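What you are looking at is a predicted structure, and each value in this text was computed from that prediction instead of being measured. Letters A, B, ... are given to chains in the order of the sequence lines, protein chains preceding strands, and every chain is numbered from 1.
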There are 2 protein chains.
Amino acid sequence: MADNIPDIVIGRLPVYLRELTRLSEEEGKITTSSHELGQRLGISSAQIRKDLSHFGEFGKQGTGYHIKYLIDQLQEILHLAREWKVVLVGAGYLGHALAHYRGFQDRGFRIAWVFDNDPAKIGETLNSLIVQSITELEETVEKHEVKVAIIAVSAEAAQEITDRLVAAGISAILSYAPIHLKVPSGVHVSYSDPVVQLQRMAYYLV
Amino acid sequence: MADNIPDIVIGRLPVYLRELTRLSEEEGKITTSSHELGQRLGISSAQIRKDLSHFGEFGKQGTGYHIKYLIDQLQEILHLAREWKVVLVGAGYLGHALAHYRGFQDRGFRIAWVFDNDPAKIGETLNSLIVQSITELEETVEKHEVKVAIIAVSAEAAQEITDRLVAAGISAILSYAPIHLKVPSGVHVSYSDPVVQLQRMAYYLV
DNA sequence: TAGATTGTTAATCGATTAACAATC
DNA sequence: TAGATTGTTAATCGATTAACAATC
């Protein structure tokens, strides 16, 4: 229990968490089963039980899982029982979308700073955040011991920004730049490239 | 060769394609090896050779792969040797970001229509596209036989939009809504939820 | 030729699933 | 009690890697 959990298991937990929240908040359910959860997510019930069993015993035979309790446990496991402040780099269209996204709330994250290198954008207010000069990036990350960053800059700028973030102490990066980033071990990167996602699906088209 | 390729292999091909394009266009290289490509992507050279071997023999012993030839082959395999016209649903901040994104160009896709249900947004021009009423969604998809859609609407609206898209003939959906979508078999869905991605990485934080 | 690198095989490693005793 | 569902084991399935003959 909880020693060396496969990445792929960790990857599914946030999806379980999201569906459990929906079950609880939208549908007012109190308990659920691995079978019900699996059906809703297109995952086998055995896999859900196996995944959870890496961390402990959260259910009851005969009745299943108490949803709110399981939500609490998953939040604890994923280190979401707190709010991670996030640095956003890039105040273009995508930066705007991220700064205005309300989905971060209550899910463990809050964008607290926005940076850009464009003098025309610096000083602009973005959903009550003031766009700061990229020259202040390191100082902010270091002073507030920020661990999480989102990169919404061009492919050309992304590696340099990454190097600066990492040097300043960032250890989790969500990147929207269409490029593979080089980071030292211990730093995690997650990518979002809409074109890569579309290209994967294109294989199955006609 | 090419009968029943694992999803996970297909998933890596667009990443190979992206890096090969970079190698060719940014660095002017003519050939590369599975070792070089793997090093740049953090993937073993054996895996790259194995992945490619599902589709044919593209390299030469001693010299490796001719980059432009391999790019052509991958584009062919992934059905990218054409331009897929894409329907975008949702003209909020994220819709704006997607409509203005220049990264689709030359990678197989082009957003050709944008829909929203907000009267304030309908008629607005978005990077030379006019936002259309969502009531015209089905007619457009059917008339132009559109196969690919991007969903940038709220979690509440996403399932209804999905059902309408699927009924109209869409078979690949990239969804930014934080919800698991139910679709009939044969329809592919790819998700992008920044919070899920951040939550996965949070597990590894301190 | 000598060195480099492919495509492929077999071995290893890891993930998923089926089945069921335990028990609520 | 009878029915439902868990957590876990063992079997199955699938993916990755190491190694190497073939050959450019």
Side-chain angles (χ1 to χ4, degrees), chain A residues 1-16 19-20 23-24 29-74 77 180 200 203, chain B residues 1-16 19-20 23-24 29-74 77 180 200 203:
Chain A
M1 160 182 168
D3 41 309
N4 207 336
I5 318 293
D7 272 11
I8 199 163
V9 171
I10 302 300
R12 284 187 291 259
L13 301 186
V15 178
Y16 299 165
E19 194 65 25
L20 288 165
L23 236 18
S24 172
K29 295 221 179 190
I30 303 297
T31 60
T32 188
S33 64
S34 59
H35 181 76
E36 180 179 50
L37 192 57
Q39 274 227 316
R40 296 177 62 116
L41 295 174
I43 291 177
S44 80
S45 62
Q47 180 157 89
I48 290 174
R49 293 197 302 280
K50 189 103 217 288
D51 285 353
L52 296 176
S53 77
H54 284 101
F55 303 95
E57 309 191 354
F58 306 113
K60 251 188 211 150
Q61 287 102 324
T63 54
Y65 303 91
H66 184 82
I67 296 177
K68 282 190 178 157
Y69 174 72
L70 187 50
I71 287 174
D72 280 349
Q73 295 298 306
L74 287 173
I77 290 164
H180 179 86
R200 285 171 183 162
Y203 174 78
Chain B
M1 162 182 169
D3 39 311
N4 205 339
I5 318 293
D7 272 10
I8 199 162
V9 172
I10 302 300
R12 284 188 290 259
L13 301 187
V15 177
Y16 299 165
E19 194 65 24
L20 288 164
L23 236 19
S24 172
K29 294 220 180 191
I30 303 299
T31 61
T32 188
S33 64
S34 59
H35 181 75
E36 179 178 52
L37 192 57
Q39 273 229 317
R40 296 177 61 116
L41 295 174
I43 291 175
S44 80
S45 62
Q47 179 157 89
I48 290 174
R49 294 199 302 279
K50 188 103 215 288
D51 284 352
L52 296 176
S53 76
H54 285 101
F55 303 94
E57 311 190 353
F58 306 112
K60 248 189 213 149
Q61 286 101 323
T63 54
Y65 301 92
H66 185 82
I67 296 177
K68 282 190 176 157
Y69 174 72
L70 186 51
I71 287 174
D72 280 350
Q73 295 297 307
L74 287 174
I77 290 165
H180 179 87
R200 284 171 182 163
Y203 174 79

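In this entry the distance linking CD of E57(B) with C1' of dT9(C) reads 14 Å, nearest Å. Protein atom CD1 of I48(A) is 9 Å distant from nucleotide atom P of dT6(D), rounded to whole Å.
In this structure, NE2 in H54(A) is found 10.0 Å from CG in L13(A), a value given to the nearest 0.5 Å. In this structure, D7(A) CG and Y203(B) OH are separated by 9.5 Å, a value rounded to the nearest 0.5 Å. Taking CG of L20(A) as the reference point, atom CD1 of I67(A) lies at 6.0 Å (rounded to 0.5 Å).
Taking every heavy atom of residues 31-38 of chain A and every atom of DNA chain D, pairs under 4.0 Å involve S33(A), S34(A), by number.
The shortest side-chain heavy-atom distance between Y16(A) and I43(A) falls under the 4.5 Å cut-off.
In this structure, H66(B) has no ring pair (Phe, Tyr, Trp, His ring centres under 6.0 Å) partners at least two apart in sequence or on a different chain. For R12(B), the salt bridge (Lys or Arg N to Asp or Glu O under 4.0 Å) partners at least two apart in sequence or on another chain are D51(B).
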Side-chain donor-acceptor pairs under 3.5 Å in residues 30-40 of chain A, sequence neighbours left out?
unit_1: T32(A); atom_1: OG1; unit_2: E36(A); atom_2: OE1; d: 2.4
unit_1: S33(A); atom_1: OG; unit_2: H35(A); atom_2: N; d: 3.4
unit_1: S33(A); atom_1: OG; unit_2: E36(A); atom_2: N; d: 3.0
unit_1: S34(A); atom_1: OG; unit_2: R49(A); atom_2: NH1; d: 3.0
unit_1: E36(A); atom_1: OE2; unit_2: K29(A); atom_2: NZ; d: 2.6
unit_1: R40(A); atom_1: NE; unit_2: E19(A); atom_2: OE2; d: 2.8
unit_1: R40(A); atom_1: NH1; unit_2: E27(A); atom_2: OE1; d: 3.1
unit_1: R40(A); atom_1: NH1; unit_2: E27(A); atom_2: OE2; d: 3.3
unit_1: R40(A); atom_1: NH2; unit_2: E19(A); atom_2: OE2; d: 3.0
unit_1: R40(A); atom_1: NH2; unit_2: E27(A); atom_2: OE2; d: 2.8

Q) How does each nucleotide of nucleotides 12-24 of chain C score, in 5' to 3' order, for protein heavy atoms under 4.0 Å: base (B), sugar-phosphate only (S), or none (-)? A) ---SSBBB--BBB
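For L52(B) against F58(B), the heavy-atom pair with the smallest separation is O-CE1, 3.5 Å. The two atoms that bring R200(B) and I10(A) nearest to each other are O-CG2, 3.8 Å, heavy atoms only.
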Q: Dot-bracket notation for DNA chain D is requested: 5' to 3', Watson-Crick or G-U wobble pairs only, both distances under 3.5 Å, with ( ), [ ], | and . as defined.
A: ..||||||||||||||||||||||
Q. Does the pair F55(B) and V9(B) meet the rule for a side chain to side chain contact (heavy atoms under 4.5 Å, CB included), with working shown?
A. CA-CA 11 Å; F55(B) 303 94; V9(B) 172; 4.2 Å; yes
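At dG7(D), one or more side-chain N or O atoms of Y65(A) fall inside 4.0 Å of OP1 or OP2 (strictly under the cut-off).
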